[in-house]
Amino acid sequence: MIAEGLIALVGAGVLLAVAIAVPWLKFVLTIALAKGIAVLGILLLLRAGQVSFGHAMFLATGAYTVAFLAPAMPEALLLIPLGGLFAGLLGLLVGLFVVRYRDIFFGMLNLAISMVLYSLLEKLYHLTKGTDGIRVARATYAGFDLPRETQEWLMFAIALGLAALFGTLVAAYLRSPMGRALAGIKTRETRLEFLGVSARRVLLFAYVASAVMGGIAGTLVALTTRHVTPLLGYWTSSGELVFIAILGGAGSAVGAFLGAVAFELVRVYAAASVADAWQMILGGVLLLVILFAPGGLWGILAGRLKVRA
Amino acid sequence: MSAPLLSARGLKLAFGGVKAADGIDLDVMPGEFLAIIGPNGAGKTTFINMTTGYLKPQGGRIEFAGEPILGLSPRAIVRRGIGRSFQLPQLFTEHTVIENAALALAAHAGIWSPFVPLLRPGYRAAAERLLDRFGIAHLTETRADALNEGARKLADIAMAVALEPRLLLMDEPTSGVAATEKMQVVETLVRVLRAEGVTAVFVEHDMEVVARFADRVAVWSQGRIAALGPPEQVLNDPAVLRDVIGIAGHA
């Protein structure tokens with residue numbers, strides 16, 4: 001865990017240096033950190049052997065919380081936890097249903113429910129402005145209305161701080177009895193029941209935690225891009241989170257951020273150089289990772305540094 | 001005479017036309033070691049599955065310590081003091097042996113903090129003590145899927161014992177264990193269970209193990225109990241020898 005922490009610290013330092021050296025990249029890196037936080041939630045579910053193809057619904061919940069509440073209450077330091085709270089409540093509601101199912105049924109039910117939310121965001125035009133989306137009102141930070149440049153730096157710092165916070169919490173959780181029981185769902189769910197433990201409750205805790213992280217990520221995306229659309233909750237966005245989780249590697253919380261940063265950078269540079277084929281490049285990268293580095297980018301890094309992946 | 005710890009009456013369960021339990025009546029007395037023998041398909045594992053809430057009988061009743069337990073979930077039954085081990089050990093294969101043991105101890109203690117390490121010093125020591133009693137303390141850091149069958153069986157039973165059960169149901173604790181290790185495995189677990197005062201019911205195909213360690217033997221045949229009594233009596237019964245042991249011995 002100490003080695004993992006050191007790698008995370010070095011990684012944070014590198015991100016900060018890149019953001020200083022190439023200022024326009026801090027927008028991309030803030031989005032990457034936000035997505036990394038959402039991917040931490042996917043990672044939790046992967047530990048239980050479950051894949052959610054609908055987790056973008058929580059990201060969209062967080063983002064729309066900001067969009068709806070910002071005009072009346074523009075304080076970012078309140079909007080961020082509120083987005084997490086609403087996503088967590090939705091996670092509890094959906095989770096009570098989906099944790100009864102496993103494998104393909106779990107994945108597809110998440111997808112189906114997320115598409116219901118997507119449709120609502122798209123169709124309830126008078127509330128959501130449909131596919132046009134909502135322009136997010138300018139936020140204040142601890143009551144201060146900051147200039148744009150300062151605001152961008154602050155969002156980067158908040159994203160980095162929250163990434164460190166949730167990364168640490170997830171790493172601790174995965175080592176706790178609850179986290180080890182979560183991994184037990186993947187291998188021997190029957191044994192958990194015969195230990196007197198409710199596998200559903202163990203999975204529900206992880207599910208709600210993952211929803212909260214998805215919601216927080218959504219608030220960061222909304223506050224950074226200042227424009228939310230239903231696309232944030234579309235199934236391709238959910239697939240993107242799973243993509244990043246596999247790319248980064250499910251073996252460590254650091255993997256989520258490695259994957260997210262790599263994904264966003266490849267996307268930006270691939271889109272700039274081969275505008276029509278950037279998705280193919282991303283697909284190729286994922287294929288290479290699956291074939292030659294099943295532990296993802298974290299697996300490669302941990303192998304090189306001799307850290308237990 | 002003391003009251004039975006487990007009492008089953010008229011248990012019935014059929015899978016299609018196959019009667020896995022056809023009116024099972026059985027009392028298990030506190031502190032005894034009861035062996036269940038019989039050919040494959042006789043309904044031995046079905047009895048364990050019904051008693052632990054994994055299968056629901058179509059008729060009959062089961063009482064544990066005087067309380068009805070029929071219809072309760074496996075979790076609720078475990079919490080009342082009935083543990084079980086499995087013919088195919090149900091270990092968390094991605095975890096190490098000590099993590100398996102510590103998880104069982106945590107489950108029993110109801111400690112589910114999501115932010116405290118499973119293997120914090122106090123827990124590690126308790127898990128090591130548990131594994132030491134089963135003679136597998138040297139395997140603490142081995143992943144469960146890398147164990148040999150004897151160690152897997154002992155780890156599986158250790159996890160059940162971590163819950164401090166009053167009654168332990170063991171499904172073929174020696175199946176798959178190398179002949180050279182078999183007696184050592186049974187001696188180890190019997191020593192621990194006797195020391196803990198755990199009542200045990202175990203399904204077994206090895207008659208030498210049954211003769212040596214069982215206080216009573218129940219002979220299962222086509223969902224019924226064909227004979228019940230001390231091993232020296234049951235294992236010398238000509239009908240049992242002919243109809244059951246002859247088959248079971250080759251199962």
Side-chain angles (χ1 to χ4, degrees), chain A residues 1-2 4-5 40-41 43-44 46-49 88 100 165-210 212-213 250-253 294-295 308-309, chain B residues 48-49 52-54 72-86 88-96 98-120 123 127 141 143-145 155-156 159-165 168-169 171:
Chain A
M1 186 162 184
I2 294 167
E4 209 177 320
L40 282 175
L43 186 144
L44 288 187
L46 282 175
R47 280 297 172 98
R100 303 167 71 88
L165 173 70
F166 284 109
T168 307
L169 289 178
V170 164
Y173 170 61
L174 291 176
R175 285 171 172 79
S176 74
M178 190 93 115
R180 303 314 282 158
L182 184 70
I185 292 176
K186 184 177 170 185
T187 52
R188 288 283 184 261
E189 189 167 341
T190 311
R191 168 58 90 179
L192 271 185
E193 293 290 325
F194 280 99
L195 288 179
V197 177
S198 165
R200 282 183 191 171
R201 275 187 212 161
V202 171
L203 187 55
L204 181 62
F205 183 91
Y207 193 86
V208 173
S210 73
V212 169
M213 288 187 279
S252 153
R308 190 182 156 190
Chain B
I48 289 183
N49 284 338
T52 52
Y54 199 67
L72 296 180
S73 67
R75 268 183 286 130
I77 290 174
V78 163
R79 290 198 200 108
R80 286 181 181 228
I82 299 181
R84 81 168 285 182
S85 69
F86 299 82
L88 297 173
Q90 297 288 301
L91 302 174
F92 300 117
T93 48
E94 287 185 357
H95 295 8
T96 59
I98 196 163
E99 284 176 329
N100 272 273
L103 200 48
L105 289 167
H108 184 52
I111 294 173
W112 289 108
S113 164
F115 303 118
V116 178
L118 172 64
L119 291 179
R120 64 183 177 277
Y123 259 38
E141 302 307 325
R143 257 176 66 131
D145 56 2
D156 191 52
M159 288 178 80
V161 169
L163 308 178
E164 299 185 272
L168 181 61
L169 305 170
D171 197 356

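All heavy atoms count here, side chains included; hydrogens, waters and symmetry mates do not. The sequence lines fix the lettering, A, B, ..., with proteins before strands; numbering per chain opens at 1.
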Using side-chain heavy atoms (C-beta onward) and a distance below 4.5 Å, is [X] in contact with [Y]?
X: B:Leu118; Y: A:Pro177; result: yes
X: B:Val78; Y: A:Leu195; result: no
X: A:Arg188; Y: B:Thr93; result: yes

Distance from [X] atom [atom1] to [Y] atom [atom2], nearest 0.5 Å?
X: A:Lys186; Y: B:Phe92; atom1: NZ; atom2: CZ; result: 14.0 Å
X: A:Ser176; Y: B:Leu119; atom1: OG; atom2: CG; result: 11.0 Å
X: A:Arg175; Y: B:Glu99; atom1: CZ; atom2: CD; result: 10.0 Å

Please classify the contact of [X] with chain A as side chain, backbone, both or neither, using a heavy-atom distance under 4.5 Å.
X: B:Pro165; result: neither
X: B:Arg84; result: both
X: B:Asp156; result: both
X: B:Ala106; result: side chain
X: B:Thr52; result: both

Results of side chain to side chain contact (heavy atoms under 4.5 Å, CB included) for A:Thr190 - residues two or more places apart only: A:Phe194, B:Tyr54, B:Phe86, B:Gln90
Heavy-atom closest pair, residues B:Ala160 and A:Arg191: N-NH1, 4.2 Å
Shortest non-hydrogen separation from B:Pro114 to A:Phe205 and the atoms involved: CG-CZ, 3.7 Å
Part of A:Leu192 lying under 4.5 Å from any heavy atom of chain B: both
Portion of A:Leu174 that has a non-hydrogen atom of chain B nearer than 4.5 angstrom: neither
Largest heavy-atom contact set with chain A, pairs under 4.5 Å, which of B:Ile82, B:Leu163, B:Asn100, B:Asp145: B:Leu163
